[in-house]
Each structure stands twice: as structure tokens, then as C-alpha cells.
Colleague: 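Just passing along the structure, written as C-alpha cells.
Throughout, numbering of the chain's residues begins at 1 and tracks the sequence. Side chains included, hydrogens not; waters and symmetry mates left out as well; all remaining heavy atoms used.
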Amino acid sequence: MSPPRQSTQVAPLAIHVVDPTERSKVPFLRGILTRSLVKAGLSFERAYEVADAIRDEIGGEGEVTTDELKHLVERRLKAANEKSALKRYRGVNEDPKPVRVVDRDGILQPFSKGHLAGSLEICALPAERTFALALGIERHLIKSGVRKIDSLDLVRMMHSHLVEHESAEVARRYVTWRQFVRSDRPLILLVGGTTGCGKSTISSDVAHRLGIVRTQSTDMLREVMRLMIPERILPTLHTSSFNAWEALPTWRGQPARLDTHFEQGYLAQANHVAVGVDGILHRAERERVSLIIEGVHIYPGQQRRLQNRRDSDAVVIPFILAVLKKKRLRNQLQGRGQQITSRRAERYLNYFDSIWQQQSFLLSEADRHDIPIIVNDDPEETVRHVMDQISEAVTERFPNAETDLLDEHADALASD
């Protein structure tokens, strides 16, 4: 059998579009040009036909500059008497040059409405409002012909914008947060509360809003410790926090009771997990990264101890989440059991009295240690209260943020 004949057809030469200004080269893609022409008003079929014809026209060249490509498109639209499409195509391709932001290290970064809107999350404004404020800044920059702006000047501009369109308090909160971010000091949130009160949900939401990439659940720490320490050595570690008292040597095999031994069991497990919490917190401080630690094991006494440490400049913010209505907490536990198959609702409901007792103990201890309590009835409202707590704590560390910002700006103008 003779070997199969190999095709002699030569693959078409790849065409690249060269941008002399950016000193870049990208492949010519008919799909991109087609979408641009559709945006200019042509039907998809007609737009693809034009893009295909242009591809054939420049096929033997290998490279074409952005200006040459634009000229080819305009010439073909003009020849086809597509006057309205030609006008819109010119408008589409005559966008103003992008605004660049000079960061603290002198590196140019593209201006981003999304990034700027995200920096307003600490102000606890509705998402649509933060985007509208960021859009207003972008329009002002473009209208003013600004093509490059220092990050500090951008903060000052947003501060003035907030004073004008929101309030002096919102502007103060924004500037204080920006000064904190510039300080490179880590933010540590310690989120406590009983099982099912919404710690994980609220922590994830806050982390997303503030760009905190590290969160740690004490449940996960407990699981790791269980692998390292056998049950015969630390029996209270190998239970749930709400029934750890059953593993106390003095209560094994005894009828279930809710008294001071409940607290002893809970604190025994929490103290075991506290070793892991301390380790994670110390590492976050060494690496200068912000962190959220959430879990039932974050009890008020520990929160106060971690907040009062003198060997760190981290801003540590503790609070306890609470659901004060039994029916609501029960419903949340039922929902949790349905969503996570490994945690069955029946088990939570069987120990509901213990879980409620656990919350009562945590709230009592929070009151004794002066730890803020946030009632989690509505997630949006809860997040707003968390933002308030963060803003107040940061303001204590940066009481002169607004004055410092204006002074720094004045110094920069004087040096210019």
C-alpha cells in the first residue's frame, strides 16, 4: 500500500495588527472587527462580509498597522455608501486615551471604575451608588483631559466628590480607610458567634467587599488538630463545640445536663483551638496581610486578649454575631442541614437547647468583656454594622487622616 499523500496546501499566513504607539503586535481577528462593525450599525452578516473582504485584502502583507487597518475599513464603508456606519465606526475607534494612575511605587496602572468603586465599600453605600460615584470621577478626568494622575490626588479628588455628593462623614470614612490601606498595617477581624448564626456568610461578604483574600474557619483548624491529636488524649477536641461537655471525664455516661459543665466543655475545646488561632494570627502579622478568623471558638475572652496585645501594630477588630429569636436560629440551622449534606439538620435540632445555651454564654461573656454584639437579622444591615465597626476602629488609629491628606497634597503642590 502506498503511503497517503500529504497535502501541499499551505496554511494561510497569520496577519498581525501592529500598534506603533503601544509597541505591541496582536493577531488580526475577523471576529473582533466584525463586532466593531456591528457596533457601528451593520448587520452581523454584512459586518462579517466586510471583515472577511479586508482579511483577504491584507492577507499577503503579514502585518498591518492600526491606522492602516482603520483606513481600509473606512474606505470600504465609504465605497459601500455606508455613511451612518462610517460615522459611528469613526466614533467607536476614537475613544480617548486611557487614564493612568501612578501608584505609590511610581508604577503606571490603568484607571478602573470597578477598583475605585471597590475602594468605597468601607462607606457602606449601595453598590449602584459606589459605581455612580466612580463613574463621575472617570467622566471628570476625561472631560478635564487628564491622562495621568497620582493615586494620592485620586483619593483627594474622591474625597471632594464625596463631600459634594454624599456627606462629610462619608468622605472622612473613605479617606481614613485609604490612609489605613497605605499604612500596610494588617486588619484582623475576629468573628465569633454560636453555630448557625451566619458567621461564614457575613465573613465571606466582608472579605469580598474589602478585598481580604485570607479567611480562616476555626472549624477547619479543629479538624486539622483532630488528625494530629488522638481522641484519647484530648476527648473534648473530638466533639462539637455545643456538646463538648459530654466528653469531660466527670460527665461521661451521665444524663445530659446544661449547667456550668457545659461552659467548661466549650471552653476546653475553644482553648485547644486557640493555639491554632494564635499561630495563624501571628503569621498574618509577620506577612503583613489582612485576615478574617471566624468561628464559634472565637470567644470574647480570647478576642479581648488578642486585641490588647502590645507586640503588634495590626488593627484587631472583634465582634460577636447573634440571632436573638429562637425560631429564626432554628430555621437557619434547618437550612444549614439541607445545604451541607455532612451536617444534618436533625443533629443540630437535637442539640438546639445546647446551641441556644452556647449563644447565651457567648453574649454574656461579650457583655462582660465589652465586645461588640451585632444582631444578624438582615445580611445587608449586618454587613453595614460590620463596616461601621471597622471604620470606627481605623479612625481611632488614624484620627487626622483628612488633615494629613490635605497637608500632603499641599506639600506636593509646593514642591512642584
Side-chain angles (χ1 to χ4, degrees), residues 17-26 32-33 35-37 39-41 64-74 77 83-123 125 127-168 170-172 174-175 177-179 181-182 401-416:
V17 180
V18 179
D19 187 336
T21 302
E22 297 288 337
R23 296 182 181 180
S24 63
K25 181 190 296 187
V26 297
I32 299 296
L33 180 55
R35 284 197 292 272
S36 181
L37 292 170
K39 191 175 180 180
V64 61
T65 68
T66 51
D67 287 340
E68 289 170 343
L69 178 60
K70 181 181 177 183
H71 177 71
L72 289 173
V73 174
E74 291 178 351
L77 291 176
K83 294 182 180 179
S84 59
L86 175 60
K87 183 177 180 180
R88 283 192 290 268
Y89 175 77
R90 285 172 173 167
V92 167
N93 288 277
E94 290 178 359
D95 292 333
K97 294 181 180 179
V99 178
R100 304 285 183 175
V101 180
V102 184
D103 66 16
R104 295 171 56 192
D105 298 321
I107 300 174
L108 283 175
Q109 302 285 352
F111 173 85
S112 167
K113 290 191 296 291
H115 182 74
L116 184 58
S119 71
L120 295 170
E121 286 289 355
I122 193 66
C123 301
L125 297 171
E128 61 273 13
R129 186 61 189 143
T130 60
F131 185 81
L133 289 164
L135 181 61
I137 292 293
E138 181 188 52
R139 288 173 175 171
H140 175 75
L141 292 172
I142 294 174
K143 185 178 180 180
S144 303
V146 176
R147 293 293 171 260
K148 185 171 70 173
I149 184 171
D150 184 83
S151 59
L152 184 62
D153 289 335
L154 185 60
V155 171
R156 180 192 56 81
M157 185 179 294
M158 177 55 81
H159 173 265
S160 299
H161 200 61
L162 290 171
V163 170
E164 180 180 357
H165 297 283
E166 290 295 326
S167 69
V170 171
R172 180 198 62 78
Y174 167 74
V175 168
W177 176 251
R178 297 317 303 168
Q179 290 291 78
V181 171
R182 293 180 70 211
E402 284 183 296
T403 303
D404 291 343
L405 174 69
L406 296 176
D407 289 346
E408 192 170 350
H409 179 64
D411 292 342
L413 291 177
S415 64
D416 292 341

Colleague: List the residues meeting side-chain hydrogen bond (donor to acceptor under 3.5 Å, both in side chains) with Ser167, not counting sequence neighbours, and say none if there are none.
Modeller: none

Colleague: Residues two or more places apart in sequence or in another chain: which of them pass side-chain hydrogen bond (donor to acceptor under 3.5 Å, both in side chains) with Arg172?
Modeller: Glu169, Thr395

Colleague: Identify the heavy atoms of Ala117 and Ala134 that sit nearest to each other, and give their distance.
Modeller: N-CB, 3.9 Å

Colleague: I'd like to know if the side chain of Asp105 reaches the main chain of Ile107, judged simply by a donor and an acceptor atom lying under 3.5 Å from each other, with no hydrogens or angles considered.
Modeller: no

Colleague: For the residue pair Val26 and Asp19, establish whether any side-chain heavy-atom pair is separated by less than 4.5 Å.
Modeller: no

Colleague: Sequence neighbours excluded, which residues qualify as side-chain hydrogen bond (donor to acceptor under 3.5 Å, both in side chains) partners of Gln109?
Modeller: none

Colleague: Could you report the tightest heavy-atom contact between Ser119 and Leu116, atom names first, then the distance?
Modeller: OG-O, 2.5 Å

Colleague: Which value, rounded to the nearest 0.5 Å, describes the distance between Lys83 atom NZ and Leu86 atom CG?
Modeller: 10.0 Å

Colleague: Between atom CD of Glu166 and atom OG1 of Thr130, what is the distance when rounded to the nearest 0.5 Å?
Modeller: 10.0 Å

Colleague: Around His140, counting heavy atoms of other residues, nucleotides and ligands shown, do more than 12 lie under 6.0 Å from its NE2?
Modeller: no

Colleague: Should we count CZ of Arg139 as having more than 12 external heavy atoms under 6.0 Å?
Modeller: no

Colleague: Give me the atom names and distance for the closest heavy-atom approach of Val99 to Ile142.
Modeller: CG2-CG1, 4.5 Å

Colleague: Apply the test side-chain contact (heavy atoms from CB on, under 4.5 Å) to residues Leu37 and Leu77: give CA-CA distance (whole Å), side-chain angles for both, the deciding distance (0.1 Å), then the verdict.
Modeller: CA-CA 10 Å; Leu37 292 170; Leu77 291 176; 4.2 Å; yes

Colleague: Salt bridge (charged side-chain N to carboxylate O under 4.0 Å, His left out) with Glu138: which residues, sequence neighbours excluded?
Modeller: Lys113

Colleague: To check you understand the geometry: which heavy-atom pair defines the closest contact between Tyr174 and His159, and what is its length?
Modeller: CE2-N, 4.3 Å

Colleague: If you define the side chain from C-beta out and look only at heavy atoms, does anything of Leu141 sit under 4.5 Å from Met157?
Modeller: yes

Colleague: Does any part of the side chain of Val155, heavy atoms only, come nearer than 4.5 Å to the side chain of Arg182, both counted from C-beta?
Modeller: no

Colleague: To the nearest 0.5 angstrom, please state how far the CG atom of Leu154 sits from the CZ atom of Arg178.
Modeller: 9.0 Å

Colleague: From Thr65 OG1 over to Lys25 NZ, what is the distance, rounded to the nearest 0.5 angstrom?
Modeller: 12.5 Å

Colleague: Can you name the residues that form a side chain to side chain contact (heavy atoms under 4.5 Å, CB included) with Asp150, not counting sequence neighbours?
Modeller: Val102, Leu152, Asp153

Colleague: List for me each residue that meets side-chain hydrogen bond (donor to acceptor under 3.5 Å, both in side chains) alongside Lys143, sequence neighbours excluded, and say none if there are none.
Modeller: none

Colleague: Looking at every non-hydrogen atom in both residues, tell me the closest pair between Arg104 and Ser151 and how far apart they are.
Modeller: N-OG, 4.1 Å

